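The shown structure was predicted, so the numbers you read here are calculated from the model rather than taken from an experiment.
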Amino acid sequence: MNAELRGDLRPPSLNADEKTTLLSFLDYVRQAVAAKASDVSDKAVRTAGVPSGTSILGLIKHLTAVELNWFAWAYAGADVELWDDESPPADDETTESLLAAYDQAIRRCNEIIHACDDLDRPGARSLRETPPPTMRWILVHMIEETARHAGHADILREQIDGSVGR
């Protein structure tokens with residue numbers, strides 16, 4: 001889907017319980033990030049658009065790891081090593097494969113979120129030197145993290161082909 005044709009989608013408008021509202025906003029910004037990698041060459045979304053080396057695919061790979069680290073490793077206590085959230089896309093990782101991995105991570109994390117019946121309940125452990133955060137904190141943090149990177153992806157995509165919109 002071309003970001004320009006996608007238009008500027010407004011945030012979700014709903015009156016729902018807190019968890020549904022938070023998850024709706026998280027899904028909204030997740031979709032905005034993924035849309036920035038659509039209908040553009042693999043080379044373009046892999047190319048760094050700023051001196052720090054940030055690319056659209058790099059952002060997607062980063063967000064995939066961050067989601068899994070917070071929801072699966074920290075909150076659910078998955079018995080796995082932490083996902084590397086700083087490695088750039090490997091040569092054999094494509095737009096298609098990284099978007100599929102992001103989608104799979106989102107599905108896994110959403111299952112964890114849906115299974116949580118108390119947003120005040122802390123998770124199994126923390127990624128920081130603090131007590132384990134609650135599901136509410138993780139949801140708000142992931143909205144903030146993903147939205148910040150969605151803004152980065154907006155700028156990078158505009159640099160690639162002039163496409164704008166959420």
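Summarising the geometry, atom CD1 belonging to Ile143 is positioned 12.0 Å from atom CD1 belonging to Ile138; distances are rounded to the nearest 0.5 Å. Rounding to the nearest 0.5 Å places CD of Glu67 at 4.0 Å from CE of Met142. Note: Gln31 CD to Asp103 CG = 10.0 Å, rounded to the nearest 0.5 Å. How far CG of Leu156 is from NZ of Lys36: 10.0 Å, rounded to the nearest 0.5 Å. The CH2 atom of Trp70 sits 10.5 Å away from atom CG of Asp85, with the distance rounded to the nearest 0.5 Å. Atom-to-atom distance recorded for Leu57:CG and Glu93:CD is 8.5 Å, nearest 0.5 angstrom.
Looking at every heavy atom in both residues, Val45 comes nearest to Ser55 through O-CB, 3.4 Å. Closest approach of Arg30 and Cys109 over heavy atoms only: NH2-CB, 4.1 Å.
Judged by distance alone, with hydrogens and angles left aside, the side-chain atoms of Asn69 form no donor-acceptor pair with the main-chain N or O of Leu82 at under 3.5 Å. Listed for the Arg46 side chain is no donor-acceptor partner under 3.5 Å among the backbone atoms of Ser41.
Residues Leu99 and Tyr28 do not share a hydrophobic cluster, defined by chaining ILVMFWY side chains whose heavy atoms lie under 4.5 Å apart. Tyr102 and Leu139 are members of different hydrophobic clusters when ILVMFWY side chains are connected at heavy-atom separations under 4.5 Å. With hydrophobic clusters built from ILVMFWY side chains whose heavy atoms lie under 4.5 angstrom apart, Val29 shares a cluster with Ile112. With hydrophobic clusters built from ILVMFWY side chains whose heavy atoms lie under 4.5 angstrom apart, Leu63 does not share a cluster with Leu23.
Atom CD of Gln104 is surrounded by 12 or fewer heavy atoms from other residues, nucleotides or ligands within 6.0 Å. Remark: Asp84 CG is packed, more than 12 non-hydrogen atoms of other residues, nucleotides or ligands lying under 6.0 Å away.
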>> Could you go through His114 and Glu111, starting from their C-alpha distance and side-chain angles, then the distance that decides it, and tell me whether this counts as side chain to side chain donor-acceptor pair (under 3.5 Å)?
In response: CA-CA 5 Å; His114 286 298; Glu111 288 174 6; over 6 Å; no

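Using modelled atom types, one finds no donor on one side chain facing an acceptor on the other under 3.5 Å when comparing Asp120 with Thr134.
Using bins of under 30°, 30° to 60° and over 60° for the plane-to-plane angle, the ring pair Trp137/His141 lands in the parallel bin.
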